[in-house]
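Inspection log for the structure reproduced underneath, given as structure tokens.
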2 protein chains.
Amino acid sequence: MAAKGRVTIREVAERAGVSVATVSRVLSGNYPVPPATRTRVMRAARALDYVANAHARALVGGGRKMVAVVLRQVTSPFYAQVAEGVEAEAAARGWLCLVGTTGGNPQRELEIVQLMREEGARLVILVGGVVEDDAYRERVAHYAQALDSSGARLVLCGRQAPDPDIPALVVEFDNEAGAHAITGHLLSAGHRGIVFLGGLPGNTALDARVAGYRAALAQHGLPPEAAQVVDCGLGRTAGHRAMAELLVGTREFTAVFAGDDMVAAGALRAIAEAGLRVPDDISVVGYNDIPLAEDFNPPLTTVRTPAEELGRAAVRIALHDPEHAAGAHHVLGTHIVVRDSVAAPPSGRAR
Amino acid sequence: MAAKGRVTIREVAERAGVSVATVSRVLSGNYPVPPATRTRVMRAARALDYVANAHARALVGGGRKMVAVVLRQVTSPFYAQVAEGVEAEAAARGWLCLVGTTGGNPQRELEIVQLMREEGARLVILVGGVVEDDAYRERVAHYAQALDSSGARLVLCGRQAPDPDIPALVVEFDNEAGAHAITGHLLSAGHRGIVFLGGLPGNTALDARVAGYRAALAQHGLPPEAAQVVDCGLGRTAGHRAMAELLVGTREFTAVFAGDDMVAAGALRAIAEAGLRVPDDISVVGYNDIPLAEDFNPPLTTVRTPAEELGRAAVRIALHDPEHAAGAHHVLGTHIVVRDSVAAPPSGRAR
DNA sequence: TTGAAAGCGCTAACAT
DNA sequence: ATGTTAGCGCTTTCAA
């Protein structure tokens with residue numbers, strides 16, 4: 001058996017009675033080797049339980065197939081799905097997947113991108129919306145340029161490139177269209193007082209949803225003042241608290257459009273706690289269609305954003321046509337999933 | 001600016017007018033270097049936007065700090081939390097985190113472990129219960145031995161070591177105790193007809209829960225036939241379907257103990273669809289206490305298994321005391337979280 | 001204080 | 001058909 005430490009190609013060569021070159025050749029399989037020696041080598045490798053040293057391989061071969069996903073957290077159902085899509089697509093091509101979480105900390109994001117560069121990731125996928133300020137723009141420009149100059153590629157998933165000239169691939173959903181559609185759904189059901197719960201000024205994804213919401217309101221002939229945006233941010237807890245607060249006063253609304261399904265979950269609970277029913281008393285819609293949205297009580301009407309597909313698309317596009325991928329902008333479609341959380345406003349309250 | 005490809009230490013050395021050795025020294029910072037040269041080198045590195053090549057570094061330095069998590073999927077809230085715990089604890093120590101998903105496929109698991117070995121992961125964490133057959137036992141024994149012989153470490157999270165002599169660290173919850181406790185909670189509320197929804201014979205985690213459930217029943221003086229185990233496996237969908245089927249016949253139960261919270265989610269929906277109310281008509285409890293369990297309608301009474309802590313503990317213990325970690329077995333405590341999904345059985349139905 | 005040089009494990013010419 | 005050898009980028013003796 002091997003001494004301490006990993007078995008190297010040399011030990012395999014010795015045991016098989018051949019040179020390291022021969023071992024390398026049969027292992028990589030891209031070179032004609034007589035079956036006889038081939039078997040000898042394989043047998044030796046197996047006996048020693050040899051595993052190649054990926055570092056040495058990468059060093060000489062110019063890096064290995066590895067993609068890095070960096071996201072705020074993996075416990076958000078939406079992000080988790082994106083990560084799963086990335087991992088699945090990568091794995092299907094024999095690529096490895098490194099993950100890093102930032103907790104929303106820009107400094108940490110920078111460190112992680114740096115780390116991924118050191119590791120030689122050929123694809124760095126940044127997932128999730130962010131507040132887009134000058135610091136952000138500068139950071140992303142730097143990532144893109146640095147990655148690009150070393151032959152790697154930056155992919156922005158669900159966030160925009162600060163500048164179209166930046167060598168980054170952008171893959172995202174049309175948040176504005178999705179928000180517009182679902183607001184329209186609420187409007188069609190007769191609602192006029194619709195509050196948007198979960199704004200986060202500066203966050204590109206949320207801002208776009210708010211824009212879609214306002215546009216839909218306007219298109220239905222409502223005045224700008226009809227828009228009621230509560231900037232409570234995302235998350236179950238935020239949704240719960242904000243909804244609870246909304247419920248104490250005189251209600252100026254009959255429906256709520258939650259910024260995402262987690263906010264909707266919190267809002268639903270606050271409504272139930274207030275002794276009100278959905279959709280009889282208040283209609284609620286969400287965004288993203290996380291798997292559990294179907295099991296909410298009542299099942300949630302929401303906008304389906306195929307998150308796993310977003311992740312898959314990110315790596316597929318980036319890997320398929322690397323040249324074209326730089327600077328490209330892909331928008332994935334979304335659609336409404338109608339379930340049971342929307343009804344006509346309670347009679348007497350429709351305005 | 002750099003030519004095509006990554007900037008190397010040599011280019012930095014040239015620009016700074018020193019040797020590569022000097023650059024290496026200031027970069028690693030573990031060697032006295034005069035401030036003057038130090039600054040020169042730093043400036044050059046910065047100007048070139050140099051990032052070290054982790055492969056070269058690992059090659060000479062004998063591997064790098066990397067932990068690998070392999071799990072069935074990341075979109076399960078429970079697994080996602082474990083993964084987050086692992087990543088967080090690893091990151092806090094400056095370690096990298098590689099993830100791989102198996103989709104429950106043993107063959108794939110084997111490939112991934114192999115890959116992680118090639119990458120030189122110093123910790124391979126296998127997460128989640130599995131059906132424990134002979135093939136599994138053999139596989140794990142091989143992983144452990146192989147990893148151990150190359151100085152790496154195997155951690156089993158939420159699954160048992162097939163043999164106590166195997167050099168693997170086991171970190172898991174006491175499933176039997178948790179199940180016993182929550183079954184007791186149902187029993188105390190007056191329920192006698194309790195069905196366990198989500199058995200998966202051969203799966204160690206589920207089997208333990210079923211055992212705890214049976215033990216609690218027995219302890220309350222109920223005959224063995226009182227146990228009603230539905231082996232529908234895990235998942236929202238399975239829970240929904242199985243519950244729906246259960247609801248068509250004459251009900252022999254007043255409460256359901258779902259194998260995990262996702263099963264509970266599906267069951268809750270099936271109950272609502274049948275026009276029944278929880279907990280008035282049927283009480284429901286889950287397992288794991290995923291974040292969304294609090295937002296279920298009604299909020300779910302369940303067993304809290306601190307998943308993120310499980311992940312953190314796995315790396316903490318493995319890294320803290322490597323010697324002792326081999327063959328160690330850590331059991332993390334769980335406790336019941338009482339919310340609103342349990343009530344006394346409807347009068348006239350309590351037996 | 002700094003440089004030269006020897007590898008780390010592997011692959012890919014280049015020889016034989 | 002197979003062996004020899006020159007690096008890949010870096011760290012680390014060993015010299016100077």
Side-chain angles (χ1 to χ4, degrees), chain A residues 2-42 44-45 48-65 115 117-120 122 150-152, chain B residues 2-42 44-45 48-65 115 117-120 122 150-152:
Chain A
K4 207 58 205 165
R6 282 165 74 157
V7 176
T8 73
I9 200 175
R10 174 135 61 214
E11 299 175 54
V12 177
E14 275 169 18
R15 175 159 184 141
V18 296
S19 74
V20 294
T22 303
V23 176
S24 173
R25 286 195 267 255
V26 347
L27 259 27
S28 46
N30 52 13
Y31 200 90
V33 173
T37 30
R38 178 182 183 71
T39 337
R40 278 228 312 294
V41 171
M42 291 303 259
L48 262 23
D49 194 24
Y50 168 81
V51 280
N53 183 322
H55 299 309
R57 222 172 230 181
L59 191 54
V60 53
R64 70 192 174 314
K65 299 167 171 181
L115 233 64
R117 280 221 279 159
E118 290 189 3
E119 290 302 317
R122 300 231 278 259
S150 54
Chain B
K4 206 58 204 163
R6 281 164 75 158
V7 176
T8 73
I9 200 175
R10 174 135 60 215
E11 299 174 54
V12 177
E14 275 169 19
R15 177 162 184 137
V18 296
S19 73
V20 295
T22 304
V23 176
S24 173
R25 287 195 264 255
V26 346
L27 258 27
S28 43
N30 51 13
Y31 199 89
V33 173
T37 29
R38 177 182 184 72
T39 343
R40 278 228 311 292
V41 170
M42 291 303 261
L48 262 23
D49 194 26
Y50 168 81
V51 280
N53 182 322
H55 299 310
R57 219 171 232 182
L59 190 54
V60 52
R64 70 192 175 312
K65 299 168 170 179
L115 231 64
R117 281 221 279 158
E118 291 189 2
E119 291 302 318
R122 300 230 277 259
S150 54

request  = Check the distance between dC10(D)'s C1' and His55(A)'s NE2 and give it to me in whole angstrom.
outcome  = 13 Å
task = Flag the pair Leu59(A) / Asn53(B) as yes when at least one side-chain heavy-atom distance between them is below 4.5 Å, and no otherwise.
result = yes
key: Distance in angstrom units between Arg57(A) CZ and dG9(D) C1', rounded   = 18 Å
query = Closer than 4.0 Å, any side-chain N/O of Thr37(A) to the OP1 or OP2 of dT2(D)?
reply = yes
key: Position toward the 5' end of DNA chain C (nearest nucleotide), Val20(B) or Gly61(B)   = Val20(B)
Earlier contact from the 5' end, DNA chain C, for Val18(B) and Val60(B) = Val18(B)
query = Considering all heavy atoms of both residues, which atom of Val12(A) and which atom of Ala44(A) are nearest to each other, and what is their separation?
reply = O-CB, 3.9 Å
request  = May I have the distance from Glu11(B) (atom CD) to dG9(D) (atom C1'), rounded to whole angstrom?
outcome  = 11 Å
inquiry  = Using only atom types and a distance under 3.5 Å, with no angle test, would you say the side chain of Ser28(A) pairs donor to acceptor with the backbone of Ser24(A)?
reply    = yes
query = Is Arg6(A) salt-bridged to Asp49(A), cutoff N-O under 4.0 Å?
reply = no
query = Which part of the nucleic acid, if any, lies within contact of Tyr50(A), taking any heavy atom under 4.0 Å across all strands shown: a base, the sugar-phosphate backbone alone, or nothing?
reply = sugar-phosphate
Interatomic distance, Arg10(B) CZ vs dG7(D) P [rounded to whole Å] = 10 Å
query = Taking side chain as C-beta onward, heavy atoms only, is His55(A) less than 4.5 Å from Arg64(B)?
reply = yes
key: Given dC14(D), dT4(D), dC8(D), the nucleotide with the shortest approach to the side chain of Leu59(A)   = dC8(D)
query = Would a distance-only check, ignoring hydrogens and angles, find a side-chain to backbone donor-acceptor pair under 3.5 Å from Glu11(B) to Thr8(B)?
reply = yes
message = Can a donor-acceptor pair be found, under 3.5 Å and without considering hydrogens, that links the side chain of Arg40(A) to the backbone of Ala16(A)?
response = yes
Sugar-phosphate, base or nothing in reach of Thr22(B), heavy atoms under 4.0 Å = sugar-phosphate
query = Glu14(A) has an atom CD; how far is it from atom P of dG3(D), in whole Å?
reply = 13 Å
query = Quick one: which of dG3(D), dT2(D), dG9(D) gets closest to the side chain of Ala21(A)?
reply = dG3(D)
ask   = At under 4.0 Å between heavy atoms, what does Ser28(A) touch on the DNA or RNA strands: base, sugar-phosphate, or nothing?
value = nothing
query = What integer distance in Å separates Arg64(B):CZ from dC10(D):C1'?
reply = 14 Å
task = From the options dG3(D), dT2(D), dC10(D), select the nucleotide whose nearest atom is closest to the side chain of Tyr31(A).
result = dT2(D)
request  = Just call it for Ala52(A): base, sugar-phosphate, or nothing, with non-hydrogen atoms closer than 4.0 Å on any strand.
outcome  = sugar-phosphate
message = With a strict under 4.0 Å distance from non-hydrogen atoms of chain A, what nucleotide opens and what nucleotide closes the contacted stretch of DNA chain C, reading 5' to 3'?
response = dG9(C) to dA13(C)
